Number of protein chains: 2
Amino acid sequence: MSIRHGLLALLSTGPRYGYQLRGEFEASTGATWPLNIGQVYTTLSRLERDGLVQPGEADDQGRVSYTITPTGREEMTRWFNTPVVHSDRPRDELVIKLAMALAAKETDITQVIRNQRTATMRTLQHLTRAKNTTHGTAQRLVLDSMIFQAEAEQRWLDHCEAILKEET
Amino acid sequence: MSIRHGLLALLSTGPRYGYQLRGEFEASTGATWPLNIGQVYTTLSRLERDGLVQPGEADDQGRVSYTITPTGREEMTRWFNTPVVHSDRPRDELVIKLAMALAAKETDITQVIRNQRTATMRTLQHLTRAKNTTHGTAQRLVLDSMIFQAEAEQRWLDHCEAILKEET
DNA sequence: ACAGCCATGTAACTTGTTACATGATTTT
DNA sequence: AAAATCATGTAACAAGTTACATGGCTGT
C-alpha cells in the first residue's frame, strides 16, 4: 500500500494532478523507484472509489486536480501513526530462495550465495556513486536506506556461508 | 514470485500434494511467513497453466500429487542462478513513509521515527526469543535474516533522526 | 457426538504493473 | 517538420491473499 498512501500524503498539502504527483513522488525517491505514469491514474481512481480523494473539474489545459477528503486525511494520519511491522512486509525473495535451496538440497547453494554477493556488491557500488548526484534530504535518506540494507544483506550472506560450512 | 518458485523448488526433489507443500514450506520459513493453504492450490493451478508442473491422478485418499516438468526444472535452475537485484524488490513501505513525511512536511516526522523504533525494537525481541524454539538450519537462517534487517532498520532510523536534527 | 486435523478446491478481491491510445504543447 | 515532453486515461494481466464450501478421518 505504499503508492496509495504516498500519493495521499502528497495530496495532503494541497490539490495536485496526476503528472505533478509523479514528479513529486520521484523527486523524493529518486531513481530508486521510478513510478509509471499509468499507475498514478489507476491509483487515483482507486483512491476515489474508496472515498479518500475527489477529482475537481478539468482546467483550461485539461488537467484534473485531485483533493484529499476528510476520510482521506484520517487514513493518512492513521498511516503515519501506525508503525510498519515485520508481518506487514512482503516475503523476501532472497531469503525464500536460500531456504528453498537448502530444502531442495540444491548442490550449488554456496554458488547461489556467491552469485548473490557479487550482485549485491555491484548494487552497493551503484548506490554509493548515486549518492553524489542526489538532491534533497528525502532522496539521500532513501539511498542511505538501500545502502544499509545491502550491507546487512552482505553480512547475512557471510553468516549463511559460515553456518553452512560448520554443518559439513 | 517467491511462492511460485518456492513450491517449484520443493517439487524438484519429487512429487508432492498441496498439503505436503505447505508443511514443507512452513518447516523452512517457520512462523515468519505462514502460508494460507488456499494459496498453495491457486499457485499450483497457475504453475500448471504455465506448464511448469503436472498433476497426477488422485490417490485412494483423494490426494493429487504434482510433478515438476522439464520446463519447470529449467525455470527453477534459472531462478537459483539469477541473483535478486535491487530493482526486483518491492517498494519498502517504511522508506516511502519517511520520504513522504518529509515531502508532506509532516510536523511529527520525528514522532513517526520514534514510533517505528519502538515497534522494531519489539520485533527484535520477538525474533531473539523465537530463535530458541527454532528447528533446523533453514528456519534459523530465516530468523537471522530478519534480525539483521531489523538491526539495519534501527541504525537507519538513528541516522535519519541525526540528519533531520542537523538540518534544523 | 463433536472437535480438530487432513485435504482439495473456487470465487472474489487487492495492489502493482505495463502496454497502448490519444492529443496538446514546447523545443530543436 | 520532427522530436520530446506534458498530460490523461483504459484494458489487461500477474501475484498474492482470504473467505468460503466441501468432505473424510481421528481422537476424545
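Atom set for the values below is all heavy atoms of this structure, side chains included, hydrogens, waters and symmetry mates excluded. For clarity, every value in this text was computed on a predicted model and none was experimentally measured. Numbered from 1 within each chain, the chains take letters A, B, ... in sequence-line order.
Remark: His159(B) engages Phe148(A) in a ring-ring contact (aromatic ring centres under 6.0 Å, His included) (not counting sequence neighbours). Looking at residues two or more places apart in sequence or on another chain, you find a salt bridge (Lys or Arg N to Asp or Glu O under 4.0 Å) between Arg78(A) and Glu75(A). Every salt bridge (Lys or Arg N to Asp or Glu O under 4.0 Å) that Asp144(A) has, sequence neighbours left out, goes to Lys131(A), Arg140(A). Under the rule for a side-chain contact (heavy atoms from CB on, under 4.5 Å), the partners of Tyr41(B) that lie at least two apart in sequence or sit in another chain are Tyr19(B), Ile37(B). For Ala150(A), the side-chain contact (heavy atoms from CB on, under 4.5 Å) criterion is met by Thr120(A), Leu124(A), not counting sequence neighbours.
Residue Glu75(A) contributes atom CD, which lies 10 Å from atom P of dT15(C) at whole-angstrom precision. The separation between Ile3(A) atom CD1 and dT18(C) atom P is 9 Å, rounded to whole Å. If you measure from atom CD of Glu26(A) to atom C1' of dC6(D), you get 14 Å, rounded to the nearest angstrom.
Projected onto DNA chain C by closest heavy-atom contact, Arg63(B) and Gln39(A) fall at different nucleotides, the more 5' of which corresponds to Arg63(B).
When heavy atoms are screened at a 4.0 angstrom cut-off, Ile37(A) is found touching base atoms of the nucleic acid. Across all strands, Val64(B) comes closer than 4.0 Å only to sugar-phosphate atoms, never to a base (heavy-atom distances).
Pairs passing the ring-ring contact (aromatic ring centres under 6.0 Å, His included) check and including a residue from residues 51-99 of chain A, sequence neighbours excluded, read His5(A)-Trp79(A). Evaluation of the side-chain hydrogen bond (donor to acceptor under 3.5 Å, both in side chains) test over residues 42-59 of chain A, restricted to residues two or more places apart or in two chains, returns Arg4(A)-Asp50(A), Asp59(A)-Arg63(A).
At a non-hydrogen distance threshold of 4.0 Å, Tyr17(B), Gly18(B), Tyr19(B) from residues 16-25 of chain B come into contact with DNA chain C. At a non-hydrogen distance threshold of 4.0 Å, Thr42(B), Gly62(B) from residues 42-62 of chain B come into contact with DNA chain C.
Residues Asp92(A) and Gln149(B) have side chains that bring a donor and an acceptor to within less than 3.5 angstrom of each other.
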